[in-house]
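So the structure is just underneath, and the comments pick up after that.
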Amino acid sequence: MIRFSVTIPAYKSTFLSECIDSVLSQTYKHFELIIVDDCSPEDIKSIVDSYSDIRIRYYRNEKNFGAENVVRNWNKCLEYATGDYLICMGDDDKLKPNCLSDYAELIDKF
């Protein structure tokens, strides 16, 4: 059972590895990581392919939604999500290692 779907609508590669690393280093392990490449001119796929973790799922949009239609890319991420709860990150965001554990604890408590 996947409890959390962590989604990254990606366009820039600069901090993407750090973002992915922060998700994969979570103390809570029942999550999927969905990366949706918004038809970036940067090589997002090579960065994602450098990881060998079955929790990572990569998709590439055929057409760039762009900054004006960023919500469309978030919705694309939602289409792929299978978890009970969703966390949408930017490609330059990072999670603290206990973020998902803290969320799970609060969900169970309340």
Side-chain angles (χ1 to χ4, degrees):
M1 176 177 124
I2 301 296
R3 191 152 198 198
F4 296 103
S5 294
V6 180
T7 63
I8 303 171
Y11 186 77
K12 296 179 184 172
S13 63
T14 307
F15 300 107
L16 183 59
S17 291
E18 289 179 57
C19 179
I20 294 170
D21 290 343
S22 79
V23 176
L24 295 180
S25 67
Q26 291 298 298
T27 57
Y28 188 90
K29 303 298 183 191
H30 301 290
F31 66 86
E32 63 184 352
L33 175 56
I34 299 165
I35 301 167
V36 179
D37 178 344
D38 194 16
C39 200
S40 175
E42 300 180 26
D43 195 3
I44 301 295
K45 185 169 180 2
S46 288
I47 294 169
V48 176
D49 285 347
S50 71
Y51 294 88
S52 60
D53 192 305
I54 62 170
R55 296 172 294 182
I56 298 175
R57 296 194 349 245
Y58 170 83
Y59 304 93
R60 181 173 167 87
N61 293 337
E62 291 180 19
K63 180 179 159 187
N64 175 263
F65 291 132
E68 291 181 18
N69 295 307
V70 70
V71 172
R72 290 179 71 192
N73 204 25
W74 292 340
N75 287 334
K76 185 58 78 172
C77 290
L78 283 170
E79 288 178 24
Y80 299 121
T82 64
D84 295 328
Y85 300 95
L86 181 89
I87 292 121
C88 187
M89 301 177 62
D91 56 23
D92 58 354
D93 292 338
K94 293 199 292 190
L95 295 178
K96 293 194 175 210
N98 60 340
C99 179
L100 297 182
S101 292
D102 288 348
Y103 286 157
E105 184 179 318
L106 288 168
I107 290 166
D108 291 342
K109 185 175 180 180
F110 298 104

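Nothing here was measured: the structure is a model prediction, and the numbers come from that model. Throughout, numbering of the chain's residues begins at 1 and tracks the sequence.
- Both Y58 and F31 belong to a common hydrophobic cluster when Ile, Leu, Val, Met, Phe, Trp and Tyr are linked at side-chain heavy-atom distances under 4.5 angstrom.
- Under the 4.5 Å side-chain heavy-atom criterion for ILVMFWY residues, a single connected hydrophobic cluster contains both I8 and I47.
- I44 and V36 are not part of a single hydrophobic cluster, where members link through side-chain heavy atoms under 4.5 Å apart.
- Residues Y59 and Y80 place their aromatic rings such that the two centres sit under 6.0 Å apart.
- Taking all atoms of both residues into account, the shortest heavy-atom contact from L86 to L78 is CD2-CD2, 3.1 Å.
- The minimum heavy-atom distance linking Q26 with K96 is given by the pair NE2-O, 2.9 Å.
- Distance OG1/T14 to CD/E42: 5.5 Å, rounded to 0.5 Å.
- Between S5 and G83, the closest heavy-atom pair is OG-N, 2.7 Å.
- Looking at residues two or more places apart in sequence or on another chain, you find a side-chain contact (heavy atoms from CB on, under 4.5 Å) between T82 and I2, E32, R57.
- Within the model, atoms NE2 of H30 and CZ of R55 stand 9.5 Å from one another, a figure rounded to the nearest 0.5 Å.
- A side chain to side chain contact (heavy atoms under 4.5 Å, CB included) with I56 is found for one member of I35, V23, V6, D49 and no other, namely I35.
- Using a 4.5 Å heavy-atom cutoff, the side chains of V71 and F65 are not in contact.
- For N98 (side chain) and S101 (main-chain N/O), no donor-acceptor pair under 3.5 Å exists by modelled atom type.
- With sequence neighbours excluded, the residues that form a side-chain contact (heavy atoms from CB on, under 4.5 Å) with E18 are F15, K94.
- For N73, the side-chain hydrogen bond (donor to acceptor under 3.5 Å, both in side chains) criterion is met by N61, not counting sequence neighbours.
- No side-chain N or O of D91 forms a donor-acceptor pair with one of Y11 less than 3.5 Å apart.
- A chain of hydrophobic side-chain contacts below 4.5 Å, direct or via other Ile, Leu, Val, Met, Phe, Trp or Tyr residues, connects L33 to Y103.
- With respect to D108 and R3, a salt bridge is recorded, a charged nitrogen being found less than 4.0 Å from a carboxylate O.
- I87 and I34 are assigned to two separate hydrophobic clusters, defined by single-linkage of ILVMFWY side chains at heavy-atom distances under 4.5 Å.
- Here the CD1-OH distance, from I20 to Y51, works out to 5.0 Å after rounding to the nearest 0.5 Å.
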Start with the C-alpha distance between Y28 and F4, add both sets of side-chain angles, then the distance that settles ring pair (Phe, Tyr, Trp, His ring centres under 6.0 Å), and finish with yes or no. CA-CA 10 Å; Y28 188 90; F4 296 103; 5.5 Å; yes
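- The neighbour count for L106 CG, taken as heavy atoms of other residues, nucleotides or ligands under 6.0 Å away, is above 12.
- To the nearest 0.5 Å, the span separating CH2 on W74 from OG1 on T7 amounts to 10.0 Å.
- Enclosure of atom NZ in K12 is not indicated, since only 12 or fewer non-hydrogen atoms of other residues, nucleotides or ligands lie within 6.0 angstrom.
- Remark: K45 NZ to S50 OG distance equals 11.0 Å, nearest 0.5 Å.
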